[in-house]
Protein chains: 2
Amino acid sequence: MELKEAKDKFIHTWGTLATQWGINRTMAQIHSLLLLSAKSMNADEIMSELQISRGNVNMNLRDLMDWGLIYKQLLPGERKEYFIAEKDVWKVAKQIAKERRRREIGPLIDAMADLKEGIKPDTAEKEEFLKIVNDISTVTVFADSTLTSLLKADENWLISSFVKVFNR
Amino acid sequence: MELKEAKDKFIHTWGTLATQWGINRTMAQIHSLLLLSAKSMNADEIMSELQISRGNVNMNLRDLMDWGLIYKQLLPGERKEYFIAEKDVWKVAKQIAKERRRREIGPLIDAMADLKEGIKPDTAEKEEFLKIVNDISTVTVFADSTLTSLLKADENWLISSFVKVFNR
DNA sequence: TTGAATTTTCAAAATATTTTGAAAAAAATA
DNA sequence: TATTTTTTTCAAAATATTTTGAAAATTCAA
């Protein structure tokens, strides 16, 4: 079964890459499983598909919802909760970028601001130190605002043109 | 001693943040120590300053050189090797972005390309699967090329204007 | 209400990563 | 060359993170 094989490879690859850049492997695997699934899935299905424990599934489903990558779906007549992934890959990328911006850039900007506050440039040494702090602050704010612009840019002119060009 | 305190806070903060986004804590601490140091330092000095083992220092110094964030400096009359950090923070940011692009985006592009190769769209299911793979491919290539353009942009018009605006 | 089904929690176990430190290798000196 | 200094390596230890699974909490139907 060739498709099954490709899907497994996809899930495995996604999980491996994720760990290499600081994201939990299981979270990535659950995400890709749902991304590839036409139907929404419940915890038991995910458990048996990925061979992981209930607690693990539960915890990572909640994280994925926090990241805005999956949604809870309540099926009429079903007691169990079902989950479905956001299938619009541009939205997915946007969410990931947003979350990483929040986690990686935000705290850095705050930390540099605190350091700036605390030190008066009354010696050459302190000026040196503040120069570095200021420079990092500047670059970080630059990265932050660049990313924000990109994220706010209307995807319809920014991406759809790229999609058209690359997808054919 | 206020400056010492601020420097320690800087080193500590940098180290903590780094772990939160997948970079080794010690590597980040050594980097910030060198970034804040006017003089180059040798392994023994770094060991005693950060209270870490020789092996750890050695390994992380090599990683930092791989990242292009520090340089080896051979001082005349000295047997020991000295290390000095790149102080141009824009260059530092550029190096970090390059390295992360190489580690995070490159493998993803490759993996998606492999999957595209391996599957023929001869059923609706396979077409579905390939759509996702293609979309990820597209978004990833887009991110890659956007980042590449930013990195290639001449810093003198792109950044220095920002620096002037924000630094005052 | 009660009780069965489902989800959540969290301490302990398993796994993965980082750090140590001493031995080996390499480099410099005499 | 032999000796000393310095750097590198890497198995074992320490630490950190992830996963498990059973108990507790919650939800829902009757």
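Since we're looking at a predicted model, the values are computed, not measured. The chains referred to below are lettered A, B, ... by the order of the sequence lines, with proteins before strands, and numbering in each begins at 1.
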### Message
Expected output check: what is the dot-bracket annotation of DNA chain D, where ( ) and [ ] are pairs inside the strand (brackets for crossing ones), | is paired with another strand, and pairs are Watson-Crick or G-U under 3.5 Å?
### Response
||||||||||||||||||||||||||||||
### Query
Is the backbone N or O of B/S40 less than 3.5 Å from a side-chain atom of B/S37, with the two atoms forming a donor-acceptor pair by type?
no
### Query
Within the distance-only criterion (no hydrogens, no angle test), does the side chain of A/N134 pair as donor or acceptor with the backbone N or O of A/L130 below 3.5 angstrom?
yes
### Message
Check this for me, if you would: do A/K9 and B/E117 make a salt bridge, where the nitrogen-to-carboxylate-oxygen distance has to be below 4.0 angstrom?
### Response
no
### Summary
In whole angstroms, the gap separating P of D/dG21 from CD of A/Q51 amounts to 11 Å
### Task
Please work out if B/R62 contacts a base, only the sugar-phosphate, or nothing of the nucleic acid, heavy-atom cut-off 4.0 Å.
sugar-phosphate
### Message
In terms of relative ring orientation, are B/W14 and B/H31 parallel, tilted or perpendicular, with 30° and 60° separating the classes?
### Response
tilted
### Query
Are any of B/N58's side-chain N or O atoms less than 4.0 Å away from OP1 or OP2 of D/dT7?
no
### Query
Taking NZ from B/K72 and P from D/dT6, how many angstroms apart are they, rounded to a whole number?
14 Å
### Task
Mind checking B/N24 for me? I need base, sugar-phosphate or nothing, with any heavy atom below 4.0 Å counting as a touch.
sugar-phosphate
### Per B/K80 side chain, nearest of listed nucleotides D/dT9, D/dT7, C/dT7
D/dT7
### Message
Check the phosphate of D/dT19 against A/T26, side-chain N and O only, distance under 4.0 Å to OP1 or OP2. Yes or no?
### Response
yes
### Query
Which whole-number value in Å describes the distance from B/D44 CG to D/dT7 C1'?
11 Å
### Message
Any salt bridge linking B/R102 with B/E99? Criterion: basic side-chain nitrogen under 4.0 Å from a carboxylate oxygen.
### Response
yes
### Rounded distance (Å) that lies between atom P of D/dA16 and atom CG of B/N56
13 Å
### Query
Does B/R79 get its side chain close enough to the base of D/dT5, under 3.5 Å, for a donor-acceptor pair?
yes
### Query
Taking NZ, NE, NH1 and NH2 as the nitrogens, is one of them in A/E2 or B/K126 under 4.0 Å from a carboxylate oxygen of the other?
yes
### Given D/dT20, D/dT19, D/dT8, the nucleotide with the shortest approach to the side chain of A/I52
D/dT20
### Query
Atom CZ of A/R25 and atom P of D/dT17: how far apart are they, to the nearest Å?
16 Å
### Query
Between B/K4 and B/E49, is there a salt bridge with N-O shorter than 4.0 Å?
yes
### Task
Write down the distance between CD1 (A/I46) and P (D/dT19), rounded to a whole number of angstrom.
14 Å
### Query
B/L75 CG to C/dA27 C1': how many Å, rounded?
17 Å
### Task
Nearest whole angstrom, please: distance from the P of D/dT17 to the CG of A/N60.
15 Å
